[in-house]
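Reminder, nothing fancy here: chain letters follow the sequence lines and each chain counts from 1.
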Number of protein chains: 2
Amino acid sequence: MTTDAETPRPITRIQREKQEVILEAALDVFSKFGFRGSTIDQIAEAAGMSKPNLLYYFKSKEDIHAPLLARILDTWLEPLREMDPKGDPLPEIQSYIRRKLEMSRDFPRESRLFANEMLRGAPGFYDILHTDLKDLVDEKVKIIRGWMAEGKIAKADPYHLIFSIWATTQHYADFDIQVKAVLGRERGGEGRFEDAARFLDQLFLHGLSPKK
Amino acid sequence: MTTDAETPRPITRIQREKQEVILEAALDVFSKFGFRGSTIDQIAEAAGMSKPNLLYYFKSKEDIHAPLLARILDTWLEPLREMDPKGDPLPEIQSYIRRKLEMSRDFPRESRLFANEMLRGAPGFYDILHTDLKDLVDEKVKIIRGWMAEGKIAKADPYHLIFSIWATTQHYADFDIQVKAVLGRERGGEGRFEDAARFLDQLFLHGLSPKK
DNA sequence: CTAGAATTTTTCCAATCGGTCAAAAAAATT
DNA sequence: AATTTTTTTGACCGATTGGAAAAATTCTAG
């Protein structure tokens, strides 16, 4: 009892698996050196196959890169999408920060790939930023403005609030090396994410003003 | 007769000027595509000269890249160095944030070059991070801890405080394209840095808790 | 087993890469 | 003006790049 029926264009199990292996290897390479700085040979070696063999599964370098990018922005914005207008404002924002921080912890390569793309000016990504991304942010900004109007949270520029959440959380993926270097051996372990979470909780809740 | 005392190496005016032109062009290119993603041809064209001519002034690609990096980390950390232990804590921190934000506004390419270097794992930069950088941060962390012990500012992890300042300010250089896309035409102008400064002032002072 | 399809390897290619070298051109020095 | 030094150019080199073609292999269905 085979679950898959006979199709005229059968995508074999091997195809699916190898494509996954290649994308995984490509993520490793692209996230470090960016698109132009990465070579197909490099990716092929990381994927454990020859270059022509890799090119049998993906026609070009672009064809490997594109699906990685497409996949990322979507999952990247999921936490923001989940910010609930009906929830309690402060916990809602805290939860967003926590989720975003977890993504930096669990998917640092994806974060770095995204950063690399931004650094070179996000070619072929530009449109999505101005449409999908902007629309989503605009929508959430309205929600945040609502919360501010109700006095549930302090008034502040909601756009820059979102930027600051992106920045502080992604920093732990993109600048991981610097973070670990500065924290040193004792503080630089996996516990650094919990320290970061605690700090960010306080920062976004109360800032640095001393308690009275 | 070797006159090594008078003019051991006459560095001409042209040499200095052209080297500056090259470094300027290289900053443009390297900050976008990183070291591996940039080509000497690209830099030469941006500098308005032929590749062999450029290589007359810098022996190799590395020789163009290295001085750019060396120059950056130094100027980059200047604002942190200037944080005065004798000053008022909160204004001192606010001033640091403001300076750092101004650097993102005035030297975005330098910020992006640095980010590119972090993304690829900071090779040949690694030592400096663990020595010079870490020492400086450790020193400033002690100062901040002192302020916290005196009750001048709220208690929070000083390392992650510094990270959050780096992250939030550099974000406006490194993710400039995303920031401008999201802010749109009206809000995305040069005024965005003043909006950011205002927001960051509030964030680091009071966070988001509503006023009572 | 055998035919046909799917996969892998070998070989190859034109373009680009970082970089060299000698000669020409331009400045500077005498 | 003659000479020396500095700067620029053009031609070139071996290595690497992204990618194509085709043969060789492996897999799969009948």
Side-chain angles (χ1 to χ4, degrees), chain A residues 1-26 28-30 32-69 120 123-124, chain B residues 1-4 6-26 28-30 32-69 116 120 123-124:
Chain A
M1 40 198 76
T2 54
T3 50
D4 54 314
E6 285 189 11
T7 53
R9 305 282 149 80
I11 293 173
T12 68
R13 173 186 49 86
I14 290 182
Q15 254 169 23
R16 233 185 271 281
E17 285 175 3
K18 295 264 167 147
Q19 279 178 0
E20 234 357 270
V21 170
I22 291 168
L23 288 176
E24 172 72 17
D28 252 27
V29 177
F30 280 138
K32 264 189 196 149
F33 305 108
F35 181 74
R36 291 199 34 173
S38 304
T39 71
I40 300 183
D41 284 286
Q42 227 179 331
I43 298 169
E45 196 194 334
M49 64 182 69
S50 67
K51 176 171 64 175
N53 193 13
L54 181 149
L55 284 168
Y56 169 72
Y57 293 102
F58 292 89
K59 287 195 297 277
S60 71
K61 195 176 166 185
E62 271 271 349
D63 281 358
I64 318 172
H65 194 245
L68 283 175
L69 275 187
R120 69 165 176 149
Chain B
M1 179 180 174
T2 54
T3 59
D4 40 89
E6 272 193 336
T7 54
R9 284 186 194 179
I11 294 173
T12 67
R13 173 185 50 85
I14 290 181
Q15 255 169 22
R16 232 186 270 284
E17 284 176 6
K18 295 265 166 143
Q19 279 178 0
E20 231 4 87
V21 170
I22 291 168
L23 289 175
E24 173 72 18
D28 252 27
V29 177
F30 281 138
K32 263 189 197 149
F33 304 108
F35 182 76
R36 290 199 35 172
S38 305
T39 71
I40 300 183
D41 284 286
Q42 226 179 332
I43 298 169
E45 196 193 335
M49 64 182 72
S50 65
K51 177 169 62 171
N53 195 10
L54 181 149
L55 285 168
Y56 168 73
Y57 293 103
F58 292 89
K59 287 193 298 278
S60 71
K61 194 177 167 184
E62 272 272 349
D63 282 359
I64 318 172
H65 194 244
L68 283 175
L69 275 187
N116 252 310
R120 68 167 177 147

Whole-Å distance separating the [atom1] atom of [X] from the [atom2] atom of [N]:
| X | N | atom1 | atom2 | value |
| --- | --- | --- | --- | --- |
| Phe35(A) | dG18(D) | CZ | P | 8 Å |
| Phe58(B) | dG18(C) | CZ | C1' | 16 Å |
| Arg36(B) | dG18(D) | CZ | C1' | 14 Å |
| Phe30(B) | dG18(C) | CZ | C1' | 12 Å |
| Glu17(A) | dC27(D) | CD | P | 13 Å |
| Arg16(A) | dT7(C) | CZ | C1' | 17 Å |
| Asp41(A) | dT16(C) | CG | P | 17 Å |

Which residues share a side-chain contact (heavy atoms from CB on, under 4.5 Å) with Glu20(A), sequence neighbours left out: Leu23(A), Arg71(A)
Counterpart residues, side-chain contact (heavy atoms from CB on, under 4.5 Å), relative to Asn53(A) (two or more places apart): Met49(A), Ser50(A), Tyr56(A), Tyr57(A)
Approximate separation, where rounding is to 0.5 Å, of Leu54(B) CG and Ile43(B) CD1: 7.0 Å
State whether [X] places a side-chain N or O below 4.0 Å from either non-bridging phosphate oxygen (OP1 or OP2) of [N].
| X | N | answer |
| --- | --- | --- |
| Gln15(B) | dT6(D) | no |
| Tyr57(B) | dT6(D) | no |
| Lys18(A) | dA6(C) | no |
| Ser50(B) | dT8(D) | no |
| Tyr56(B) | dT7(D) | yes |
| Asn53(B) | dT9(D) | yes |

Plane angle bin for Phe30(B) and Phe35(B) - parallel if under 30°, tilted between 30 and 60°, otherwise perpendicular: parallel
Residue among Ile40(A), Asp63(A), Ile64(A) satisfying side-chain contact (heavy atoms from CB on, under 4.5 Å) with Leu55(A): Ile40(A)
Where Ser38(A) and Lys61(A) come nearest, the two heavy atoms and their spacing: O-NZ, 2.7 Å
dT30(C): pairing nucleotide in any strand, Watson-Crick or G-U under 3.5 angstrom: dA1(D)
Qualifying salt bridge (Lys or Arg N to Asp or Glu O under 4.0 Å) pairs with a residue from residues 32-46 of chain B, counting only residues at least two apart or across chains: Asp41(B)-Lys51(B)
Quick test: give all pairs of protein nitrogen or oxygen and nucleotides 19-24 of chain C nitrogen or oxygen below 3.5 Å, distance rounded to 0.1 Å.
residue: dG19(C); atom: OP2; partner: Lys61(B); partner atom: N; Å: 2.8
residue: dG19(C); atom: O6; partner: Lys51(B); partner atom: NZ; Å: 3.4

